[in-house]
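Because the structure is a prediction, the values reported are computed rather than measured.
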Amino acid sequence: MTQENQPVIYDENQIIAERRAKLTEIRQTNNAFPNTFRRDHLTSELIKQFNEFSKEQLEEQPTIVKIAGRMVLKRVMGKASFATIQDMKGRIQLYISNDHTGEPVHAAFKHYDLGDILGAQGTLFKTKTGELSIRVTDLQLLTKSLRPLPEKFHGLADQEQKYRQRYLDLITNEETRKVFAIRSKVVQAIREFFVERDYLEVETPMMHSIPGGASARPFSTHHNALDMALFLRIAPELYLKRLVIGGMEKVFEINRNFRNEGISTRHNPEFTMLEFYEAYQDFTYLMDFTEQMLVHVAKQVLGTTHITYQGKTMDLSISFMRLTITQAIQKFHPDYTTEQLNDRDYLIKKLQALNTHFNPNDGIGGLQLSLFDETTEHLLFEPTFIVDYPAEVSPLARRNDNNPDITDRFELYIAGREIANGFSELNDPEDQAARFQEQAKAKDAGDSEAMHYDADYIRALEYGLPPTAGEGIGIDRLVMLLTDSPSIRDVILFPQLRQED
RNA sequence: GGGUCGUUAGCUCAGCCGGUAGAGCAGCGGACUUUUAAUCCGUUGGUCGCCAGUUCGAUCCUGGCACGACCUACCA
């Protein structure tokens with residue numbers, strides 16, 4: 001904080017210097033930052049309520065209103081002026097004239113700048129073009145804006161600045177405001193969906209002493225008083241299942257996960273995950289449940305299940321396809337024969353030829369998955385559940401009753417991206433202990449994303465986890481889909497960026 | 001990590017095949033009592049991302065660096 005009432009001289013441009021001079025002048029006669037003005041209406045509510053009224057109706061029954069907001073447009077014309085005020089709901093036009101405010105108020109207004117926060121009182125009327133406006137009788141500067149806004153017509157174009165100075169993006173870009181309004185509604189609709197179904201919303205730790213629940217590298221930190229290493233969580237899964245063991249048979253959590261990995265248009269180091277668990281259900285139930293939830297969310301938020309994403313359309317209300325990994329590969333690449341896809345040597349040769357990353361020690365299932373990731377995942381535009389994930393890459397999922405090499409697990413792909421991952425939970429503590437041991441071995445062998453052995457979780461399982469189904473849904477990616485956003489940064493208010501300077 | 005492109009006034013952008021820069025918006029001054037990105041007249045404002053090199057001379061050419069966007073690879 002700088003000393004009060006001591007204008008600080010910065011090395012800054014002329015526009016800021018002029019605005020600062022205006023502020024200094026205001027300080028000399030008034031409280032420059034008053035907090036006594038109270039509005040009684042929001043702009044778009046006024047328009048909703050009064051736009052249907054005729055010019056004459058408004059004159060016959062004068063309605064006095066008080067609004068406040070940021071001045072985003074200004075048109076001065078001698079003895080009368082217009083200004084457009086923007087608040088959280090929209091915009092409305094002010095008409096300021098010597099006749100109604102007196103000359104001094106209008107004169108002061110002429111020196112107000114775009115970006116200033118104003119409070120206005122006046123009477124609703126319609127201009128000769130029929131625009132609902134406020135004939136101002138009282139006008140107050142509530143907050144002086146010292147920095148000029150981005151160009152009023154083009155707005156903020158620089159992507160970096162949009163992310164770094166999101167407030168400017170929000171002031172100038174209606175689309176951005178809409179995206180985050182939709183994001184809020186998406187989360188709201190999801191909550192409703194779970195609460196209606198008797199789920200309990202919970203919050204589990206963000207700081208884990210053993211990072212678990214996913215295969216990813218964690219951020220690490222240190223607790224001074226306890227002198228212990230802590231990790232920002234990569235997933236809440238193991239804690240949520242402890243709660244199911246504790247008798248919370250239907251739980252969900254919407255919260256942040258942190259993964260110390262690459263940043264891209266689809267990845268932010270912290271991202272929002274919905275995870276939910278329901279006892280006495282399995283993964284097939286989850287697939288139906290997910291379809292219903294997405295339909296609910298789309299209808300609540302967009303009013304339709306027809307989605308356009310990057311120029312292509314889909315309908316979320318149509319039953320989603322369900323394919324095994326090899327079926328999906330063959331659907332898009334019919335030239336692969338079933339024999340080839342079950343031939344280790346063939347798969348390894350093919351993956352090498354594709355120049356892709358894979359683990360040559362994987363079994364058939366792991367190799368098939370690598371081939372799927374490389375050749376098919378990005379082509380799954382229509383919502384598709386991929387099932388039959390190999391046990392070796394699913395250390396927390398229940399084995400299939402007929403084939404112990406695969407698990408009762410699915411991933412949901414929409415628009416070429418993984419949106420959800422769900423499975424029947426592994427509730428056999430001895431099998432879980434063995435899987436952790438395998439993971440620990442892989443970790444020792446250099447796999448930085450392999451899971452740790454979590455003895456407390458095994459102890460919890462030994463008390464008995466009821467048969468349970470659980471799923472995670474990437475909220476950011478879902479919002480990308482529902483807002484037609486090409487980058488995850490467009491749906492996160494303050495995405496991770498490199499440090500400035 | 002690799003590739004492509006970018007960085008010029010507060011903002012949106014031109015421009016210069018090497019002679020140190022322009023427009024619109026915003027600002028300032030003036031005209032204008034129903035404008036709609038108001039209009040009209042005048043006007044202020046720039047270390048052309050940073051550092052080297054080549055050159056008589058670099059915003060422009062070369063090299064390096066920084067930052068960013070997009071694509072690509074790994075992770076959701």
Side-chain angles (χ1 to χ4, degrees), chain A residues 12-19 21-22 55 72-84 91 93-101 103 106 110-111 113-115 125-131 133 135 145-165 168 171-172 213-218 234-235 256-275 354-358 370 373-374 377-378 411-413 417-421 447-449 472-478 480 486-489 497-501:
Chain A
E12 61 193 12
N13 72 63
Q14 184 195 347
I15 291 177
I16 296 176
E18 270 158 6
R19 289 184 176 211
K22 290 178 187 174
K55 211 171 168 141
V72 291
L73 290 171
K74 182 188 178 192
R75 297 175 285 279
V76 174
M77 297 171 305
K79 298 191 178 61
S81 300
F82 288 93
T84 302
R91 292 175 168 199
Q93 178 169 261
L94 302 184
Y95 175 71
I96 302 122
S97 71
N98 288 358
D99 294 348
H100 298 95
T101 62
E103 202 270 338
H106 188 218
K110 289 181 186 178
H111 290 96
D113 294 294
L114 291 187
F125 78 109
K126 283 210 168 164
T127 64
K128 67 179 182 191
T129 55
E131 178 171 349
S133 305
R135 186 183 291 118
S145 169
L146 294 178
R147 289 177 180 271
L149 290 178
E151 208 256 4
K152 65 185 177 188
F153 188 59
H154 296 94
L156 198 56
D158 183 329
Q159 278 300 333
E160 181 195 358
Q161 218 182 338
K162 282 173 69 126
Y163 299 146
R164 276 194 203 284
Q165 294 183 272
L168 286 182
I171 291 169
T172 55
S215 301
R217 278 180 290 169
I234 54 175
R256 224 64 68 80
N257 287 351
F258 306 86
R259 298 190 184 173
N260 202 343
E261 287 169 353
I263 295 179
S264 78
T265 48
R266 286 166 290 270
H267 301 91
N268 196 63
E270 51 180 303
F271 63 101
T272 302
M273 182 77 117
L274 158 69
E275 282 207 13
L354 288 166
N355 204 17
T356 181
H357 291 259
F358 70 101
S370 295
D373 287 344
E374 181 66 17
E377 173 180 340
H378 62 281
E411 290 196 352
L412 171 61
Y413 289 86
R417 291 188 196 122
E418 186 191 333
I419 294 287
N421 175 20
D447 182 350
S448 59
E449 291 172 359
I473 296 183
I475 297 297
D476 311 277
R477 290 185 177 180
L478 181 60
M480 285 170 72
S487 171
I488 197 167
R489 271 167 255 169
L497 301 176
R498 219 176 276 266
Q499 212 165 11
E500 232 173 335
D501 301 329

Check this for me: does the side-chain of [X] come within 3.5 Å of the base of [N] through a donor and an acceptor?
{"X": "Thr129(A)", "N": "rU34(B)", "answer": "no"}
{"X": "Asp99(A)", "N": "rU33(B)", "answer": "yes"}
{"X": "Tyr95(A)", "N": "rU35(B)", "answer": "no"}
{"X": "Glu131(A)", "N": "rU34(B)", "answer": "no"}

Tell me which nucleotide, if any, is Watson-Crick or G-U wobble paired with [N] when both distances must be under 3.5 Å.
{"N": "rG46(B)", "value": "none"}
{"N": "rC70(B)", "value": "rG3(B)"}
{"N": "rG10(B)", "value": "rC25(B)"}
{"N": "rA31(B)", "value": "rU39(B)"}

State, without any angle test, whether [X] and [Y] hold a side-chain donor-acceptor pair at a distance under 3.5 Å.
{"X": "Arg75(A)", "Y": "Gln93(A)", "result": "yes"}
{"X": "Glu449(A)", "Y": "Ser215(A)", "result": "no"}
{"X": "Tyr413(A)", "Y": "Glu411(A)", "result": "yes"}

Given atom [atom1] of [X] and atom [atom2] of [N], what is their separation to the nearest angstrom?
{"X": "Phe153(A)", "N": "rC13(B)", "atom1": "CZ", "atom2": "C1'", "result": "14 Å"}
{"X": "Asn260(A)", "N": "rC74(B)", "atom1": "CG", "atom2": "C1'", "result": "13 Å"}
{"X": "Arg19(A)", "N": "rU44(B)", "atom1": "CZ", "atom2": "C1'", "result": "16 Å"}
{"X": "Phe125(A)", "N": "rU33(B)", "atom1": "CZ", "atom2": "P", "result": "16 Å"}
{"X": "His106(A)", "N": "rU35(B)", "atom1": "NE2", "atom2": "P", "result": "15 Å"}
{"X": "Glu374(A)", "N": "rA73(B)", "atom1": "CD", "atom2": "P", "result": "7 Å"}
{"X": "Lys79(A)", "N": "rU33(B)", "atom1": "NZ", "atom2": "C1'", "result": "8 Å"}
{"X": "Lys74(A)", "N": "rC28(B)", "atom1": "NZ", "atom2": "P", "result": "6 Å"}

For [X] and [Y], indicate whether the former's side chain and the latter's backbone hold a donor-acceptor pair under 3.5 Å.
{"X": "Arg259(A)", "Y": "Pro218(A)", "result": "no"}
{"X": "Glu261(A)", "Y": "Arg217(A)", "result": "yes"}
{"X": "Lys79(A)", "Y": "His106(A)", "result": "no"}
{"X": "Glu151(A)", "Y": "His154(A)", "result": "yes"}

Nearest to the side chain of [X], which nucleotide is it out of [options]?
{"X": "Thr127(A)", "options": "rG68(B), rU33(B), rU36(B)", "answer": "rU36(B)"}
{"X": "Lys152(A)", "options": "rU12(B), rC25(B), rU35(B)", "answer": "rC25(B)"}
{"X": "Arg75(A)", "options": "rU34(B), rU36(B), rG27(B)", "answer": "rU36(B)"}
{"X": "Asp113(A)", "options": "rC67(B), rC25(B), rC28(B)", "answer": "rC28(B)"}
{"X": "Ala157(A)", "options": "rC13(B), rA38(B), rU36(B)", "answer": "rC13(B)"}
{"X": "Leu73(A)", "options": "rU33(B), rU35(B), rA38(B)", "answer": "rA38(B)"}
{"X": "Leu497(A)", "options": "rA37(B), rG29(B), rA69(B)", "answer": "rA69(B)"}

Pairwise side-chain contact, Lys162(A) with Arg489(A), heavy-atom cut-off 4.5 Å (strictly under) = no
Please produce a list of atom pairs where a protein N or O lies less than 3.5 Å from an N or O of nucleotides 7-10 of chain B.
residue : atom : partner  : partner atom : Å
rG10(B) : O4'  : Asn13(A) : ND2          : 3.1

[atom1] atom, [N] versus [M]: distance in rounded Å?
{"N": "rG1(B)", "M": "rA14(B)", "atom1": "P", "result": "30 Å"}
{"N": "rG29(B)", "M": "rG45(B)", "atom1": "C1'", "result": "15 Å"}
{"N": "rU39(B)", "M": "rU33(B)", "atom1": "C1'", "result": "15 Å"}
{"N": "rA23(B)", "M": "rC41(B)", "atom1": "P", "result": "14 Å"}
{"N": "rA58(B)", "M": "rU8(B)", "atom1": "C1'", "result": "14 Å"}
{"N": "rU72(B)", "M": "rG10(B)", "atom1": "C1'", "result": "36 Å"}
{"N": "rC71(B)", "M": "rC16(B)", "atom1": "P", "result": "30 Å"}
{"N": "rA21(B)", "M": "rG46(B)", "atom1": "C1'", "result": "8 Å"}

Here the gap from Thr172(A) atom OG1 to Leu149(A) atom CG, rounded to the nearest 0.5 Å, amounts to 7.5 Å
Residue whose closest nucleotide on RNA chain B lies nearer the 5' end, Gly78(A) versus Phe82(A) = Gly78(A)
Residues Lys74(A) and Lys110(A): closest non-hydrogen pair is NZ-O, 2.7 Å
Please determine if a side-chain N or O atom of Lys22(A) lies less than 4.0 Å away from the OP1 or OP2 oxygen of rG27(B).
-> no
Think Arg164(A) has a side-chain N or O under 4.0 angstrom from the OP1 or OP2 of rG68(B)?
-> yes
List, with names and distances, any nitrogen or oxygen atoms from the protein found under 3.5 Å away from nitrogen or oxygen atoms belonging to nucleotides 70-72 of chain B.
residue : atom : partner   : partner atom : Å
rC70(B) : OP2  : Arg489(A) : NH1          : 3.3

Please name all residues satisfying salt bridge (charged side-chain N to carboxylate O under 4.0 Å, His left out) with Arg266(A), sequence neighbours left out, ordered by chain then number.
->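 None.
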Which is true for Gly155(A) with a 4.0 Å heavy-atom rule: it touches a base, it touches only sugar-phosphate, or it touches nothing?
-> sugar-phosphate
